[in-house]
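Down below is the structure, laid out as structure tokens.
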Amino acid sequence: MNYICTWFCADEKGEESIFPQTGQKSSSKQHQDIYWRCIVLFYATSKRFNKNERHLLFTNVKLLPFLDDRNVVDMLEHLQVEVVYTDLKYKTPKGYFGMFQNQFYEFSILEYISKNNNNPADTYMILDSDCIFLKPAAALFEAGEKNNGFLSFEDDCTTDLVIHGLSRKDMKVLYQSLLRKPIDTIPGYHLGEFFLANVKNIQIIFSEFLIVWAKMLVRFSLNLPKFNEEAQTLSYIYYKNGFKASLSRSLMKRIWTNPVFYRNVDESDMELVVWHLPSEKTYGLTDLYRMIINMLPDYGLNLTSHEYTNMTSKTLGIPYLSPLMKIKYYSSSYYRAISKRARKAPFISKLLESV
């Protein structure tokens with residue numbers, strides 16, 4: 001059995017972490033609703049292509065919210081999504097790292113699978129919720145099956161680029177310290193938004209994580225370099241156990257769309273299976289949610305392939321950005337930047353808090 005999954009781990013008040021793309025406190029309803037819309041849209045785009053796979057949502061939220069007066073429970077049931085509750089068991093200590101602290105929730109998911117599924121051939125694909133499907137996921141599962149039940153992709157980042165506190169060169173030094181031996185190459189940085197492995201490999205990965213997790217907590221207490229998020233941690237586990245990244249560039253891609261900051265869109269992106277759209281949470285994905293979930297009957301599942309592809313392409317500006325979308329990007333991006341600076345000013349900050 002093949003499983004298609006995403007997840008949502010809510011931060012509680014007083015335990016917020018930084019999510020730059022939403023511009024909201026991670027414990028706030030405004031922030032969390034952005035992710036819930038992505039989640040419902042994720043499953044709606046998957047179900048139109050992947051009717052034989054089981055769909056799971058992992059979350060630490062016991063009472064799912066309402067979106068635009070619609071119950072998320074009802075929407076997920078309509079899309080035949082099974083909700084699996086599990087706690088955030090691997091919570092980083094206060095001060096560990098300021099951004100994306102709940103990303104270690106992925107290891108709570110892997111623990112759940114390890115303990116509750118005894119079929120070694122069952123395969124789980126776990127994606128970030130700001131992904132959408134353009135084609136059936138069969139190609140991804142088939143690639144994983146041909147690679148001994150594992151599939152991953154590496155970021156094309158340079159060896160010196162610091163991502164979440166570590167560059168790939170930094171990761172090499174940390175790997176050598178953990179492995180207690182020199183390594184010849186600078187390791188790759190695997191994309192954290194994509195995970196695919198069968199249960200046999202998940203059990204290996206999770207058992208390795210428990211060892212690494214204990215070491216990271218010790219290193220934090222000693223103020224030593226450590227893995228700050230799940231992608232760095234998984235990259236090390238993959239390296240140690242000989243799990244190789246796919247060389248394919250035709251299946252999925254992290255697509256940056258905002259021309260104000262960075263845009264890496266190509267015409268060939270229309271041939272991908274999955275788009276990961278981290279900068280579109282409050283732009284195109286929100287618009288696509290309104291059209292597909294709020295306006296179309298049966299969540300757009302009755303659209304023809306041409307209609308669906310045309311809608312996603314135009315709404316997300318892939319591969320071409322309309323003049324109107326350019327204006328929207330620039331105006332909203334600069335507005336956010338000005339607002340962020342204003343909030344840092346002591347007088348403005350106090351004024352906003354009093355409103």
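Heavy-atom basis, side chains included; hydrogens, waters and symmetry copies ignored.
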(Q) Please tell me whether V83 and F66 are part of a single hydrophobic cluster in this structure, the criterion being side-chain heavy atoms less than 4.5 Å apart. (A) no

The ring-ring contact (aromatic ring centres under 6.0 Å, His included) partner of F107 among F227, F209, F58 is F209

- Message: N119 vs M1, test: side chain to side chain contact (heavy atoms under 4.5 Å, CB included). Steps then yes/no.
- Response: CA-CA 9 Å; N119 188 343; M1 176 60 69; over 6 Å; no

Closest non-hydrogen contact found for C131 with V274 is CB-CG1, 3.9 Å

Sorted by chain and residue number, the side-chain hydrogen bond (donor to acceptor under 3.5 Å, both in side chains) partners of Y90 (sequence neighbours excluded) come out as E111

| query | Can we call the ring centroids of F49 and F133 under 6.0 Å apart? | reply | no

Closest non-hydrogen atoms of F104 and N228, given as atom of the first, atom of the second and distance, are CE1-O, 3.6 Å

d(D155 CG, L161 CG) to nearest 0.5 Å is 7.5 Å

query = Near E145 CD, under 6.0 Å, is it more than 12 heavy atoms from other residues, nucleotides or ligands?
reply = no

Keeping E229 on the side-chain end and Q232 on the backbone end, is there a donor-acceptor pair under 3.5 Å? yes

Between the CD atom in Q80 and the OG atom in S46, the distance rounded to the nearest 0.5 Å is 11.5 Å

Practice problem: Assert yes or no for the condition that the ring centre distance of F194 to H276 is strictly below 6.0 Å. | Solution: no

Looking only at heavy atoms, the pair that brings K172 and P187 closest together is CB-CD, 3.6 Å

Check step by step if side chain to side chain contact (heavy atoms under 4.5 Å, CB included) holds for I34 and T286.
CA-CA 8 Å; I34 290 168; T286 298; 5.5 Å; no

| message | Could you tell me if the side chain of Y283 sits less than 4.5 Å from the side chain of M325, heavy atoms only? | response | no

Any donor-acceptor N/O pair, R54 side chain to Y3 backbone, under 3.5 Å:
no

SB check K328 D287 (cutoff 4.0 Å) | yes

Worksheet item: Is F150 linked to L247 within one hydrophobic cluster, defined over Ile, Leu, Val, Met, Phe, Trp and Tyr using a side-chain heavy-atom separation of less than 4.5 Å?
Response: no

*For the residue pair I255 and L316, establish whether any side-chain heavy-atom pair is separated by less than 4.5 Å.*
no

Ring pair (Phe, Tyr, Trp, His ring centres under 6.0 Å) pairs touching residues 168-189, sequence neighbours excluded, are Y175-Y236, Y175-Y239

| said: Applying side chain to side chain contact (heavy atoms under 4.5 Å, CB included) to R70 and I293, what does each step give before you reach the verdict? | reply: CA-CA 10 Å; R70 301 176 71 181; I293 307 302; 3.8 Å; yes

### Query
If only atom types and distance count, is the side chain of N117 paired as donor or acceptor with the main-chain N or O of I113 below 3.5 Å?
no

**Report entry** Flag, side chain of N201 to backbone of N148, donor-acceptor distance under 3.5 Å
**Finding:** yes

Result for side-chain contact (heavy atoms from CB on, under 4.5 Å) between S235 and one of H190, K240, E154 points to H190

Besides V218, the hydrophobic cluster formed by Ile, Leu, Val, Met, Phe, Trp and Tyr side chains linked at under 4.5 Å, directly or via other members, contains L222, L224

>> Parallel, tilted or perpendicular: which one describes the rings of H78 and Y299, with boundaries at 30° and 60°?
In response: perpendicular

Quick one: are the ring centres of W36 and F8 less than 6.0 Å apart?
-> yes

Less than 3.5 Å apart, any donor N or O on the side chain of S313 or N310 sitting next to an acceptor on the other? no

* Hey, is the main chain of T312 close enough, under 3.5 Å, to the side chain of T315 for a donor-acceptor pair? -> no

Rounded to the nearest 0.5 angstrom, the CD-NE2 distance for E230 and H164 is 9.0 Å

message: Between D266 and R249, does any NZ, NE, NH1 or NH2 come within less than 4.0 Å of an OD or OE carboxylate oxygen?
response: no

Item to complete: Flag yes if L134 and M291 sit in one hydrophobic cluster, no otherwise; membership is Ile, Leu, Val, Met, Phe, Trp, Tyr, and two members link when side-chain heavy atoms are under 4.5 Å apart.
Response: yes

(Q) Is the shortest side-chain heavy-atom distance between I292 and R48 below 4.5 Å? (A) no

**Q.** V212 reachable from V173 in the ILVMFWY side-chain graph, under 4.5 Å edges
**A.** no

Checklist entry - Does N147 use its side chain to pair, donor to acceptor, with the backbone of A143 at less than 3.5 Å? => result no

Requested in this report: Measure the shortest side-chain to side-chain distance between L321 and Y329 over non-hydrogen atoms and say whether it is less than 4.5 angstrom.
Outcome: yes

*Between D130 and S279, is there a donor-acceptor pair closer than 3.5 Å when you use the side chain of the first and the backbone of the second?*
no

Rounded to the nearest 0.5 angstrom, the CG-CG distance for L79 and D74 is 11.0 Å

Minimal heavy-atom distance between L56 and V81, with the atoms involved, is C-CG1, 4.2 Å

Between the CZ atom in R168 and the OG1 atom in T158, the distance rounded to the nearest 0.5 Å is 8.0 Å

One should read off an interatomic distance between I237 CD1 and I211 CD1, to the nearest 0.5 angstrom, of 9.0 Å

Are W7 and Y105, when compared by the centres of their aromatic rings, separated by less than 6.0 Å? yes

Does R37 pair with D68 as a salt bridge, N-O distance under 4.0 Å? yes

| Would you call M216 and T233 a side-chain contact if the rule is heavy atoms closer than 4.5 Å? | no

Exercise for the section: Answer yes or no: is there a side-chain heavy-atom contact under 4.5 Å between L285 and I132? Expected result: yes

So, does T123 use its side chain to make a donor-acceptor pair with the main chain of N2 at under 3.5 Å? no

So, N264 side chain and R254 main chain: donor-acceptor pair closer than 3.5 Å or not?
yes

Heavy atoms of other groups near K135 NZ, more than 12 under 6.0 Å
yes

(message) Membership question, hydrophobic clusters at under 4.5 Å side-chain separation (ILVMFWY): are I183 and I186 in the same one?
(response) no

Nearest heavy-atom approach of T6 to D128 is OG1-C, 3.5 Å

For this session: Mark yes or no for whether T45, through its side chain, and F42, through its backbone, hold a donor-acceptor pair below 3.5 Å.
Result: yes

In short, I4 meets A137 closest at the heavy-atom pair CD1-CB, 4.1 Å

4.5 Å side-chain heavy-atom contact, F97 and T92:
no

- request: Applying side chain to side chain contact (heavy atoms under 4.5 Å, CB included), run through M75 and Y43 and close with a yes or a no.
  value: CA-CA 10 Å; M75 290 190 280; Y43 289 115; over 6 Å; no

Is the shortest heavy-atom distance from the side chain of L64 to the side chain of L76 under 4.5 Å? yes

Would you find more than 12 non-hydrogen atoms of other residues, nucleotides or ligands less than 6.0 Å from N116 atom CG? yes

